[in-house]
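Structure, as structure tokens:
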Amino acid sequence: MKVWDTSHLHDNVPSQRQDTAGQVYDSADTQANLQQIRLHFKQLQTRLILGLVLGFLLPNALLSAYFHFQFTHTLKESAKLNLAAVAESQKNTIDLYLQERVVNLYNLFQSKEFSLNPTQEQMENLLARLKRFNDGFVDIGLFDDKGVQFAYAGPFSSLLGMDYHKEPWYHDLLTEDKNYFISDVYRGFRNIPHFTIAIKQVFDNRTYVMRAALDPDKFYIFLRSISQGKEEDSTLINRQGMYQVIDPAGRNQLPGITDHIPPSVPLSGVEELELGEQKMLMAYTWLKEHHWALLAMQPVSVAQGAMIKARVVLTASLIIISLLISTVIYFTIKKLVGRARHMAEKGQMLQEMLAHASKLAAIGELAAGVAHEINNPLAIIMATSGVIRDMLNPEFELDHSPEAIDKELSVIDAAADRAKGITRKLQDMGKSRVPSVVECDVNALLDEVVGRLKKVEFKSKQVEVVNNLVLDLPHIFAEPEPLRQVFANILINACDAIADKGTINISTESKEEMIWVTITDTGKGIPPEDLQRIFNPFFTTKGGGRSTGLGLSIAASIVKYLGGTIKVNSILGTGSSFTVLLPINEQAQKTLKQHDK
Ligand code: ADP
């Protein structure tokens, strides 16, 4: 079964220009179609680029942001851990330093040179020994069980004989379980900042104390020497926050007090501080040997410097790579879409050229058909007028009675009528009429047409007409006469296709905003090769003078004018089915009703 659709037929010939190579260009339709293609590809490109952004850049950016934050967090943590490790190592070194100093003093107690009644020389020797252990030792003194310094070597000889039993360090040493005591930095009787290490030992049930003072300057230098990190600064503070090391520049000054006293629990930790404009990392750890905390400070920018650099490089690389990939994808999309658009434009142009060529061919066919159809009656008229002239010529002695001449004139009349009929139909096809649109009941129109045909066309054959009309079929707004003509042309063809006996089925229905009128016959059917041509003007397979080959062509024009189409199904030897689709134009209905008011 072949299906043919008339929607492509009888388009108005567009105002195209043709160049010598036969190319079509510059028509309004072509421009509109090309415009549409461009718009479509522009939208496609935008969609693809949006897809690129959503599918590649967005996940990439989210992933980068995630890694960035994760990296920043790790970076901060590792900077803290690093500084905490530095502080821990320094704390261990200082603990060891203090232990060593305590041991140095113990060793003196145990040494052979030690005497409970030492001479000044012996005391000087002990001090010299101490200084060999560590040059931070300033002096040495021995105290009896009353707290009186009975032997002394060092720069402050006025301290000899002084009573220390009220001094806090002396009191703490005697009352504490530990055999040694390390003091905080204080001025004491000498009125110079220093700290002391004292140990006690019992001889003959009497507690003797040996005490050495240490120079905080030297301690400061020692602390500096064990500093490790870049721009890292370490210091020691006591529980009250007082610095326990003295910058040699601030000699004779008791060290100041810090605002940042770390908590005693946990024993170590890292905090971030704002010192003026600068952000600092501060790691603290409490010493084992004494109630001192080691503070290691480092500017955040320095502590995280290397990793910040790495992060910048990583982020920059990510951005550059993303930009590069996006640029490549963008230009590839642009190029591919551009190529596809070019192909589509070319295709459209070709299609239009083809349509134009086929229209030209159709016009040519129409012109040839018109010439042929008009030539035939003209030839008859000319021949018959020649016959009449001969009849009137006495030489030929022909019958020139009025009856004979009238007979010939009837032939001329018939030929002229035929030519007139053709030109009238052509006029009908082409002329622009002022349409007298009214509300039409398609079912009623069909009934009318069938009733009329039954009287004449269907009379000669046994044609049964079966109606399957939907009762509540919506009315449409159209000119009734052309519509009647459409149905009549199709019905006459259906009848012609039936040899002697057959059925014509007429059905109507309303769907998809359209009225569907289907006329099916049980006739001979249409050969597939003719299906494409039956709507062409003057195409006919019917012999005899009464066929013009314009019936379907006119029907298609009318239906097209109404905004509809005709579809054909046909099986050779079984029958054909013509479906007329007419739009139910609600807007037209409304307008008409307004006019009626
Ligand atoms: P005409 O009826 O003057 O031939 P039409 O344009 O009405 O012109 O029809 C063109 C041709 O289409 C017919 O000659 C016929 O070959 C074919 N045709 C149309 N309708 C039918 C049909 N129902 N069954 C078979 N052939 C048909």
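Computed from a predicted structure; not experimentally measured. In each ligand, atom 1 is the first atom listed, and ligand 1 is the first ligand listed. All heavy atoms count here, side chains included; hydrogens, waters and symmetry mates do not.
Residue contact check: Ala494 has heavy atoms under 4.0 Å from atoms 23 (N) of ligand 1. Within the listing of ligand 1, atoms 5 (P), 6 (O), 7 (O), 8 (O) sit less than 4.0 angstrom from a heavy atom of Gly551. Near Thr541, meaning under 4.0 Å from any of its heavy atoms, are these atoms of ligand 1: 13 (C), 14 (O), 15 (C), 16 (O). The Ile526 neighbourhood of ligand 1 comprises atoms 25 (C), 26 (N), 27 (C), with distances under 4.0 Å to a heavy atom of that residue. Residue-ligand proximity, Gly549 to ligand 1, at heavy-atom distances under 4.0 Å covers atoms 1 (P), 3 (O), 6 (O), 8 (O). For ligand 1 and Phe578, the ligand atoms under 4.0 Å from any heavy atom of the residue are 20 (N), 23 (N). For ligand 1, the atoms lying closer than 4.0 Å to a non-hydrogen atom of Ala497 are 22 (C), 24 (N), 25 (C).
Here the CD1 atom belonging to Ile380 is positioned 10.5 Å from the CD1 atom belonging to Ile412, to the nearest 0.5 angstrom. Going from atom OG of Ser553 over to atom CZ of Phe538 covers 8.0 Å, rounded to the nearest 0.5 Å. Going from atom CG of Asp390 over to atom OG1 of Thr384 covers 11.5 Å, rounded to the nearest 0.5 Å. For the atom pair Leu39 CG and Leu44 CG, the distance stands at 11.5 Å (nearest 0.5 Å).
Arg341 and Glu345 are joined by a salt bridge, as a carboxylate oxygen and a charged side-chain nitrogen come within less than 4.0 angstrom of each other.
Other residues, nucleotides and ligands contribute over 12 non-hydrogen atoms within 6.0 Å of the NE2 atom of His68.
Closest heavy-atom approach to atom 19 (C) of ligand 1 within the set Ile492, Ile498, Asn493: this belongs to Asn493. Distances from atom 23 (N) of ligand 1 to the heavy atoms of Ile534, Thr520, Asp521 show the closest one on Asp521.
Each of Asn467, Thr522, Thr520, Asn468 was checked for a side-chain hydrogen bond (donor to acceptor under 3.5 Å, both in side chains) with Asn505, and the lone residue meeting it is Asn468.
When only interatomic distances are considered, the shortest N/O to N/O separation between Leu552 and ligand 1 falls below 3.5 Å.
A donor-acceptor contact closer than 3.5 angstrom links the side chains of Asn443 and Thr508.
At a 4.0 Å cut-off, at least one heavy atom of Gly525 sits close enough to ligand 1 to count as contact.
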